[in-house]
Every structure is written in structure tokens, then in C-alpha cells.
Amino acid sequence: MAADRDWRWISWLVLGIGGLILAGGLALGLGSLRHVLHGERADGEVIEIRREGDMYAPVVRFELPGGVTQEVTDLASGAPDFAVGDKVTILYMPQDPRDFRIDSFDRLWFSAIFVTVFGSFWMLFGTVAWALSRGIDLAVVGEAAFAIIAAGASLIGAFVLLSAADLYTGGVRAEGVVLENRESRRTESESVRLADGREIDRTVERASFAPVVRFTTREGGREIEFHGRGGSERAFAQGDRVTVIYDPANPIRARIVSFVDIWLPSAVAFAVAAVFGSAIWLSRRVRRRTTALRA
């Protein structure tokens, strides 16, 4: 009974945290929806990609109805998702033109979707804890949670695969050059078992490297700079020549022509779906065998 109460408190705590995160995701989505429904539209142009440390912020110029030119800087991201010269649509509030959104799926909805999905995982774990507090079979609870994860990974894999196939079949190839390897460092804690059997916790610093690639489009001769996929090793050296493929309608949507850059994300998503799906199959098989033995 005490264990049930513990699980109940844990479930309410996790559900509360998940609810707050979900509320944040919904608030982000409502903010974008406000601009879509009530904002004025204007044609803009990206005039600068401003680097702020390891972040990239697009600076956009657009014209208000009275002929006044407005320059605004959007939120920075870890990799450039616009290039200088890109034409964009701005959604701004008439009473304050600096309250704006760039009219693209990523800028309007990606943050809201990401936060909402993150909050949904907290809600999922909270639901599992609540089910355990009610005495529901752990195997049944685990299977349901794994099914949700497998389904989500499958959907993500399908979406990423379709996007990659669209770029691979409809994109334009060009030669690019690696300008640098962008290094990112993070600190992690891990447990290590010593030769004498003791376990100790230690803090380690890990580094990842992403190649920064520049190429020139065949249409208009625009110079585009983008980031390749990161990894724990330097896959390319500064000055390396690489083949890139890009969307002629949106050149910043570019990839290095390699399995890692084009196909690996969808392969990882489908692998996650396969692992969790296999776990469900194995769990159900064990439960059926146990039931048959008891009978």
C-alpha cells in the first residue's frame, strides 16, 4: 500500500511537470496562431545572417504600408535556416511592427510542436506511474508506452524519409567546400565500474563536430552556407571538396551527398521503432507462454 502511495505521488508530480510543459507548447502555438489570424503580411528580404556566438539570427527588411522600411532580427538558431537574399513573408501586428513572425513552418510551429511533444513524453511517464499506483500489470503498461513510442518514431521516420527522398530526387547538385568544423562541447555524468568492482561517478566532457559548408547555386550564383550532420569525430577537414544537393526553390535546404547527411536520420527513427516494436512482441510472447504454463 505504501508503494502504491509513492507511485501516486510520483505520477502526480510527473503529470504536473508535463502539464506545465504542454501549456508552454500551447502558448507558443497560440502566439503563432495570433499572427496568422490577425497579423498583416509584408514581403521581406533576408539582408544579413548575424552570428551570435554559436547561433545564427536572420535580419529581415520589409516595408510598411506607409513606405517606412522596417528591419527586424528574428530568434537565433543553432544552424542557419535562411541565406542572405532569401525572400520571406513577414506576419506583423499592425500596432507594433516589431512584434512579428517569419511565415515559415519552422519559424511558426516547430518550437510549439517540439515543446508539446516533449511535454507529452512527461505525460506518458506520468500515466505509467499512475497506472502502477493502481496496480495495473507492469507488462501491460510497458507495452502500451512502448507502442506509443514506436508509433511516434515511425511517423517521424516516414516524414524525414519523404523529405530526404524529395530532396534527393528533385534537388540540384553542386560542389561545396568545408569552411570549418563547428565544435560543440557538453558535460555528462557517467558511472564507471573499477577493476575491484566498485562503481564511481565521474564527469566527462564530450565534443561533437559539424562541418560548415559553402557552395554557389547554379541559379543566380548565390553563396549559401549550411551545416552538415554532426558527429563525435571530424568527418571532414577544412578545405575538403564535397558534393552537395540543394532545393533550388530554397537553397538553404541543402545536404552533403552522403548516407549520414541524407538517410541516417530516418534510419535511426525506424530503428527506434523496430526496437520498441520488438520489445512489445517479446513481452506479449512471454506473457502468453506464462499464461499457457499456468493453465
Side-chain angles (χ1 to χ4, degrees), residues 1-30 32-33 105-106 109-165 186 188-193 197-202 204 206 232 263-295:
M1 186 66 68
D4 291 345
R5 284 199 299 269
D6 290 341
W7 278 115
R8 191 173 296 116
W9 281 111
I10 292 172
S11 68
W12 286 118
L13 175 62
V14 177
L15 287 171
I17 294 173
L20 291 175
I21 297 173
L22 275 178
L26 291 174
L28 289 172
L30 289 174
S32 294
L33 183 62
F105 178 84
D106 286 350
W109 309 113
F110 179 79
S111 295
I113 292 173
F114 179 83
V115 174
T116 300
V117 170
F118 184 63
S120 297
F121 274 107
W122 277 85
M123 297 296 288
L124 174 63
F125 298 141
T127 302
V128 169
W130 178 84
L132 291 175
S133 73
R134 295 289 181 176
I136 300 176
D137 188 352
L138 178 60
V140 175
V141 174
E143 288 171 10
F146 281 15
I148 294 173
I149 295 173
S154 297
L155 288 174
I156 293 173
F159 176 80
V160 174
L161 179 61
L162 289 174
S163 177
R186 65 185 186 279
E188 296 180 352
S189 297
E190 65 178 15
S191 296
V192 179
R193 183 178 294 276
R198 292 184 298 118
E199 282 193 2
I200 62 171
D201 293 329
R202 68 179 183 181
V204 295
R206 304 190 188 279
S232 59
W263 307 113
L264 182 61
S266 58
V268 170
F270 285 127
V272 170
V275 168
F276 281 92
S278 299
I280 296 170
W281 174 81
L282 181 61
S283 174
R284 289 177 177 174
R285 183 179 179 184
V286 170
R287 286 200 296 120
R288 285 197 298 268
R289 182 177 297 176
T290 302
T291 303
L293 291 174
R294 289 174 178 175

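As the structure is a prediction and not an experimental result, all values here were calculated from the model. Along the sequence shown, residues carry numbers from 1.
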Suppose we screen for side chain to side chain contact (heavy atoms under 4.5 Å, CB included). Which residues come up paired with [X], at least two apart in sequence or across chains?
X	value
Leu264	Phe259, Val260, Val268
Ser32	Arg101, Leu108, Trp109
Ile17	Leu13, Ile21, Trp122
Ser283	Ala139, Glu143, Arg287

Heavy-atom pair of closest approach, residues [X] and [Y]:
X	Y	value
Ala131	Val141	CB-CG2, 3.6 Å
Gly126	Ser11	O-CB, 3.5 Å
Gly25	Ala112	O-CB, 3.6 Å
Ala145	Val128	CB-CG2, 4.0 Å
Leu26	Thr116	N-OG1, 4.2 Å
Ala273	Ala150	CB-O, 3.6 Å

Any side-chain heavy atom of Trp130 sitting closer than 4.5 Å to one from Val14?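 Heavy-atom side-chain distance check fails, nothing below 4.5 Å.
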
Residue Phe270 excluded, over 12 heavy atoms near CZ under 6.0 Å: yes

Does Trp263 have any ring-ring contact (aromatic ring centres under 6.0 Å, His included) partners at least two apart in sequence or in another chain, and if so, which?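 Residues passing ring-ring contact (aromatic ring centres under 6.0 Å, His included) with Trp263: Tyr168.
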
With sequence neighbours excluded, tell me which residues meet ring-ring contact (aromatic ring centres under 6.0 Å, His included) with Phe276. Phe146

Run the numbers on Val272 and Ile156 for side-chain contact (heavy atoms from CB on, under 4.5 Å), then give the verdict. CA-CA 11 Å; Val272 170; Ile156 293 173; over 6 Å; no

Which pairs, with at least one residue in residues 113-129 and sequence neighbours excluded, count as a salt bridge (charged side-chain N to carboxylate O under 4.0 Å, His left out)?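 Non-adjacent pairs meeting salt bridge (charged side-chain N to carboxylate O under 4.0 Å, His left out): zero.
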
Residues which pass side-chain hydrogen bond (donor to acceptor under 3.5 Å, both in side chains) with Ser163, listed by chain and number, not counting sequence neighbours: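 In terms of side-chain hydrogen bond (donor to acceptor under 3.5 Å, both in side chains), with neighbours along the sequence ignored, Ser163 is linked to Arg253.
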
side-chain contact (heavy atoms from CB on, under 4.5 Å) between Phe114 and Leu28, intermediate numbers included: CA-CA 10 Å; Phe114 179 83; Leu28 289 172; over 6 Å; no

